[in-house]
Each structure stands twice: as structure tokens, then as C-alpha cells.
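So the structure is just underneath, and the comments pick up after that.
Numbers here are sequence positions counted from 1.
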Amino acid sequence: MEVNNFKYSVSPLAWTSKPPKEKFGYITNTIKSTESTIKKFSEIVSPPFSQCWSGGIFEGEICNKNWKEQSVIGLDFDTGKQTLEEVYEILAKYNIKPNVHYPTFSDRPEHPKFRVVIFLEEPINNKKTYNLIMDSLDLILEIDKKCKDLSRRFLGGKNAVITNTIPINLEKFMTSIQKINLDNYVESNNFSPEFSESLLDINSDNDFFSIKSTSIAGEVRIDWDIDSDKIQILSEFKKGIWLTHEQLFGLALNLKYISGGLLRMKKIMMKFDKEGLTEYTDNNYRMLEYVRRMSYFPMPVHKFSPFAEDKLIEDIPTFFKKKEKIKIIDIEEKMSLKDVEKEFELEFKNAISSPDLDTVFLFSVPTGIGKTQLLTNVERSIIALPTNDLKNEVYERMSVPKTVSPDTIIFNDKTVQSLIDLYYKIGLPQKSAQLIRSIEKYTTDTDDILKAVDYLEKLDDCHDDMKSVITTHKRFLNSQDLPQTTVIFDEDPLDSLMEIKETSIKDIIYLEFLIPSVKSFVNYLRGLENGIYETPVMFDVEDLIKECNSFKGFDSNVFEFFTSKYFFINRKPGKINYVTKRDLPSDKKIIIMSATVPIDLYKKLYPNKKFKIFDRRNVEQVGKVVQHTERSCSRLSLEKFKDEVSEKVRGIPTITFKKFKYSFDSSCEDMHFFNCSGSDVLNGKDLAVVGTPHGSVIQYFLLAKVMGIEFEIKDGMMNNRIVRHRGFEFTFYCFEDENLRDIQFHVIESNLVQAVGRARTLRKDCTVSLYSNFPLYITTEFDPGS
């Protein structure tokens, strides 16, 4: 399609505000430009802007004539070293189809000069990303060096030809850019974190947080004569079968982690080249040195091997790694149960009688020590438990004047119930409370009205300071106006103090439609790349709620987002994960009792609080905890080995991930990881616990931010490494940063301890079979498998 006489020009980076004046018939970029550039074009642009803009060309057939945000890559060719056809052919190898080409004004038959233009469907707002694109294209194209300048202006021209009317997706374009670097083996520090995984897998989903490593470089030794035949692609390679470039690269990424692997690979290639069976190129050999220098993780074998025999192999180092026993480097003597019981009871009474209202008492004690029994005699206090079921159970056991907070109401009137469900879904519990207090305005159902009256009477009764109040963690933390001055948390409330929730960019934009003043925040979001940010204080949430005239149409907890501390934005799915932090009341004495209370994390979370610590976790047990460490039994591991493990625990009550309950014939119906604390139904029974319950990396990062831990996301990559924790030395997939690792280990350890603790091995002669490669301090025997 030929288009003549277009007058607008483009720049690689520009702006989102109103189009500039057309006084000179061209525009230019001002982002991070020199002062002279900004001054030169000050009559056209009001610098500086933060995002990208281009428009007007070809009357909207490619670029949006309504000034839609997008970016343009312009490539000038004036050396005569490459023809237009050659340029298009080279770019086609990387799935790049330019949108426009046209001769420049200085084009001459004896010296052809032309410009190739690529339109991207979204803006580039990062200087490093732009430089990476241009430097990469320069590896394969003879581009005029001047056109790589960020402030470069591109004039219009005549006889333009449109070769592609669809702007290119930026993410797919960056995948092509990374492949260019892979093929040319360029080491670059300019790769944005969100695109880093593409270096390892061109077909990846570019999820920065999904990179999985499986070994420590150079640690694995194999018998080449025997072991190499256990993996089909390695066996074929060793016999002289020629491998493609992609297969060689995947194999090299794995053999880097085998002792002497890359050297052996090079020798095999040279041997069969000399014999004439293969014809590996200089490029193939340069790749080996490139892999040696770079810090890339092993690529899963099933992603590059064409052999069905290799489909279940994650990577070669893990396949060959010897299953070593977990090393015990610091044997801590177990304490007597009777001694700890007496000491715990005394210290608990001292905490109850203490007049220090500004103190947090942390009791780190084993499950089954008798915490709940001590609570039944506590007067005029608030006792908070993780769930309504545990709350009601403790209430029935109380032997002092007491009251209990109401359970959640389920109304008969579906309209009323739907409205309440909506309020909770979008983060407006206060609206639900208002509805219940005004129930007669919403329904004529007598039963529903009586339910609401009973609910409100129970809430009012909780303000009787002559009684102990039995409630849940979340209810207390959401309404800290009760008169009692002592608060006891049975089990660790950290998950309720710091909650990680999710909203969407779509819901925030919809809120802007209802409340125009939110536009400033929407504009702020548009300027952000994927990453973690402190939530700016722009609005009073109560004011937003009052101003909003409708709450229907939202799909996520959007209102509570504005009370968060930090958030992670992921633009591809349009999701925002955020963390809210609740403060512990300053006018009450706080007692927290749990087998999994993270003492050091509490100190980081509340640095201004005074803490008194009672740590007695390492206690003699009557029963046994036998830990099987042959498999990690992470979610990824169980996808492949669930059948193998399920056979070993057949007939035994099993706690595992909610997702994998169906794989075990005796899985606990009402319990799974992240939801099993406090339950006593498995007391004294043999039990299987299957899994290593990793949290999400986003969860770890957000928690670290709230605790004031400084880190760079790009430095937060996880890998298998040798670590020490609670007297053990072991290899584990974790962070290098010790502070991030502490958070990660707490999430895993707390869920394992709570699951194992359901059998009450502290007092009962039963056996828990734990399938996980994360060593627990309560484990009595480790079985590394074959």
C-alpha cells in the first residue's frame, strides 16, 4: 500500500499530552535529552514528559490519529551495504515485520537511502529498554549510527509503502530482541528484569518471577561412560548425532552445572567434526564460552530435547544430583517437656499480671504445649484465634465470664446477601456493617431481621469490660475499640497484620469513571513499569466511599488498595498485588503464642515496640517426625511425582496443597497448607504431610518492603544454594539475600510446623511422615531416599 506526502514525523520516545504544534512539521523526543536539545525545541514541546506518544501518520492506518500512546522505532539505512529486501529478510528471521518503509529526501539512484519504521502498540518509557533495542538491531543491520540517538527526529517523506498495518506487541518484540542477543552472544547489563527470562527460553511467558534454577554451578559430578546414557539427548550427542543450535544451547546451559561439562561438550563436538559426522560452526563453539561466562540457569530438558524419553526430566544437574543427607551442624539439646510446661505457665502468668501496656510478649512454644488450656481461665481479656471454628471451640471451654463475637451471617434474602458479599469482595466491610444495622430498610424477611438483631447484640456484648471476649484475629484487628486492655493471640496473627490482596487496573479505571478525581492516580499508574512501588497517599478512602454513587461493576478489592503500604503492578494481565499493614494497638498489652511466631520479623515490622521473648520450641517429643527428602515435593515437583508419593502414603491421613488433595486417597478434607493451624481432629493419629509450601515471590517482596528491608528486584532472583538454618546445612531453592530468605523460610517453615503439629507428637506416640526437602527442627529422623 503506497501513501504519498505524509508530513508528520516520529521519534522513538515522546509524550502523552496534547500533540505539539506543527510549526516546523516535525517533532522530537525530550526524555532524558540534553539541555541543548530541550532548549532547541522548546517552541514545540513543553518538556519534560514521562511517557511515549506518536501519531498522525497515514491518517490513523497504523498510528492512531487520536494520539494514542505508542512508540515508533525508526531505522535509517544510508551505507549501501544492505538493500531494503535484505533488511526485511533479516528481520523476518526474528519474526519482526516492519510497518513502513520509504526513501529519505537525500535518496539518490547512485546512493540509495531509505528509512524502515516499526510501530509498537504500547509506549517505551524506559531509556534502557530503547537503548537495548537499538543496540540489538545494530548487531544484524547496517543502521545509521545517528538514528540510535534518543532525541533523534525523523522527517516525513514521499512514496511511503505500508507493509504491515498492525502495530507490533512490545513484549513479543522484546522476545525477538533477546533472541538477536542470544544468536550473537552479547553480554549486556541493559536487560530489563521483566524480559530476562527470554534469554533462557524464547518461548517463555516472560514472567520475571517464574525462573526456576535447579543446581549450583559446577557441583554435580557424573560418570560420563554410564550416566550420560540415562538422558537420551545427551546420549545421542555423545554418539555423534548432530544437534541444532537451539538443542546445543539448551544442553550447554545444563552441562555448565556438571563438573567439566562444557569442556567435555567441546571435545565431543571437535571429535565428530574431525570425523566428518558433524559440521558445527564457529558460532556454535563461541556459544560455549558465552554460556560459561553468563549466570544462566539450566534449561528444562523437555524444552529442547525432541526425545519422548526426556519429557519428564526437569534438568540434567537435578537428575544426577546425589541425594545427600541434610547435615546437622549444630546439635541443640532437646528440653524436657515437663520443665518447659512449668516455665511456660509461670511466664504466661507473669505476662498476664504485667502492668506494661506498651509491651508485646512473644511466646514461641511447640504445638500441643497446652496454650488453649491456659486461656480458659483468663479474665477480662480479648482472646483472638485464627478461625471462627476455633473461636467457638475455645468459647465453650472458657470457665470465666465471657462473650463471643458473632459468626458471619448468611441471609435468606439473596439480594441482601449478594450486596454484603459484594461489599466484602471490594474491601468495604464498613458498608456491610451499616447494612446490618439498617436491615429493615433492605428486607422484610423476619428471620433475616432477627439474625441481624442477634448479631448486633453479640457485638454490643463484646464491649462489656467485665467479660473476656473470644473473637478472631481479623475481627479484632479491624475493630480495636474494645475496652479490655489485654489481648492474647492464640497462634501467630502475622497473616492478618500484613495481608496481601489483589485488585486490577481495570477496576481502578472504572473507579475513575465514577469518581473523576481518581484520574490523577490513574495517570500515575500509567507511568509505571512492572515493579514494586510505595502506595502514594492521594485520597482519604472514606471520602472516596462517600463520593462513589455505585459499588456494582467491580471485580476486586479496589477500595482497600488505597490503604495499602506497597504494591506490585504487573501490566501484562493488568493485576496489582498490594500489602496492607495493621498496627498493634498502643493502649493494650499484647501476648502472642505460637509454635511459628517469627520473632525477628516482628522486631522489623514494629521497630518502636518493646518485646519480651520466651522461646522454647526445641522440646523432647513422645512421637516421631520422619522426614523424607528425596523429592522437594514443591507444587512443581508434585505435578510429576504425585502418583509416586501418593502410593507411599496410601491409607494415611494426608495434609498437602489444596490443589493436590485429589491425588491422595486419604487427604484431609478440611485441612491443607495455609489452612490447618489449631485443629485437633488428628490428635494422636499417624499422619502424612506432603509438600514444601513456597509462597509467591511477590508475597516475599511485599512483606520485605513493609518491614523496611532494602533490596533490588533484579537482585532477588532465587537459585539452588547451600544455606544454613536452625543448625542445618542443606541445598535449597531460595534467595541469596539473607533478609528475603528469612521471610521465605518463615512462610515455608510455619506452614510445615502447623501441618506436622496436628498429630500432637509432642505428647502422643504417633508418627508423622513428612515429604519435603526443607528440614524442620522438630524432625526426629531424616530419610534421603535412594
Side-chain angles (χ1 to χ4, degrees), residues 93-94 175 178-187 197-204 211-323 636-637 640-641 719-720:
K93 293 179 181 179
Y94 296 96
T175 298
Q178 307 297 9
K179 192 172 190 307
I180 291 172
N181 279 275
L182 271 178
D183 287 350
N184 290 273
Y185 308 116
V186 173
E187 182 174 0
E197 190 181 12
S198 297
L199 287 168
L200 305 179
D201 180 7
I202 301 305
N203 298 314
S204 76
I211 295 178
K212 295 288 187 290
S213 65
T214 51
S215 187
I216 300 169
E219 74 161 341
V220 181
R221 295 180 179 276
I222 68 172
D223 185 327
W224 280 91
D225 293 331
I226 298 174
D227 291 339
S228 59
D229 289 332
K230 297 177 181 178
I231 295 177
Q232 193 65 29
I233 192 169
L234 182 57
S235 176
E236 297 296 322
F237 172 71
K238 192 183 73 168
K239 295 174 184 176
I241 300 300
W242 181 82
L243 300 186
T244 68
H245 175 77
E246 288 75 14
Q247 291 166 351
L248 279 177
F249 182 69
L251 192 60
L253 286 175
N254 279 268
L255 294 186
K256 171 187 172 128
Y257 289 84
I258 303 297
S259 179
L262 289 178
L263 179 60
R264 178 68 66 110
M265 187 173 177
K266 183 177 180 181
K267 288 181 177 179
I268 291 172
M269 292 167 63
M270 293 175 66
K271 175 180 183 293
F272 291 111
D273 276 352
K274 187 175 182 181
E275 293 178 6
L277 292 178
T278 56
E279 294 181 358
Y280 291 117
T281 65
D282 291 342
N283 210 30
N284 296 143
Y285 285 100
R286 285 200 301 271
M287 175 268 295
L288 298 179
E289 183 58 32
Y290 172 74
V291 169
R292 187 189 307 279
R293 288 186 291 111
M294 301 301 286
S295 301
Y296 295 157
F297 301 147
M299 182 184 290
V301 176
H302 59 81
K303 289 194 173 183
F304 65 88
S305 173
F307 302 106
E309 296 90 334
D310 295 337
K311 66 179 181 180
L312 291 179
I313 299 176
E314 182 61 23
D315 62 69
I316 293 176
T318 296
F319 183 83
F320 285 125
K321 186 182 292 184
K322 307 302 181 184
K323 302 302 179 182
L636 185 63
S637 174
K640 297 178 181 178
F641 303 112
N719 195 356
N720 268 357

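Within the 4.5 Å cutoff, the side chain of Phe249 has no heavy atoms near those of the Glu246 side chain. With contacts defined as side-chain heavy-atom distances shorter than 4.5 Å, the pair Phe304/Leu243 does not qualify. With contacts defined as side-chain heavy-atom distances shorter than 4.5 Å, the pair Leu288/Met269 qualifies. Taking the side chain as every heavy atom from C-beta outward, Met265 and Leu248 approach each other to under 4.5 Å. Side-chain atoms of Leu234 and Asp310, non-hydrogen and from C-beta on, never get closer than 4.5 Å to each other.
Qualifying side-chain contact (heavy atoms from CB on, under 4.5 Å) partners for Asp273, counting only residues two or more places apart in sequence or in other chains: Thr278, Tyr280, Tyr285. With sequence neighbours left out, the side-chain hydrogen bond (donor to acceptor under 3.5 Å, both in side chains) criterion links Glu289 to Arg292. The side-chain hydrogen bond (donor to acceptor under 3.5 Å, both in side chains) check on Lys267 picks up nothing, with sequence neighbours excluded. For Lys93, there are no side-chain hydrogen bond (donor to acceptor under 3.5 Å, both in side chains) partners two or more places apart in sequence or in a different chain. Under the salt bridge (charged side-chain N to carboxylate O under 4.0 Å, His left out) criterion, Lys238 pairs with Asp229, not counting sequence neighbours. In this view, Glu279 satisfies the side-chain hydrogen bond (donor to acceptor under 3.5 Å, both in side chains) rule with no residue, not counting sequence neighbours.
Formation of a donor-acceptor pair under 3.5 Å by the Asn284 side chain with backbone atoms of His245 is not found in this model.
Atoms CG and CD1, on Leu255 and Ile258 in that order, are 6.5 Å from each other to the nearest 0.5 Å. Separation of atoms CG (Asp227) and CD1 (Ile222) is listed at 5.5 Å; rounding is to 0.5 Å. Within the model, atoms CD1 of Ile268 and OG of Ser228 stand 7.5 Å from one another, a figure rounded to the nearest 0.5 Å. Here CD of Glu236 is found 12.0 Å from CG of Leu251. Values are rounded to the nearest 0.5 Å.
The two residues Met287 and Ala252 have their closest heavy-atom pair at SD-CB, 3.7 Å. Between Tyr257 and Pro317, the shortest heavy-atom distance links the atoms CB-CG, 3.4 Å.
Shown here is Asp223, whose CG atom has more than 12 heavy atoms of other residues, nucleotides or ligands within 6.0 Å.
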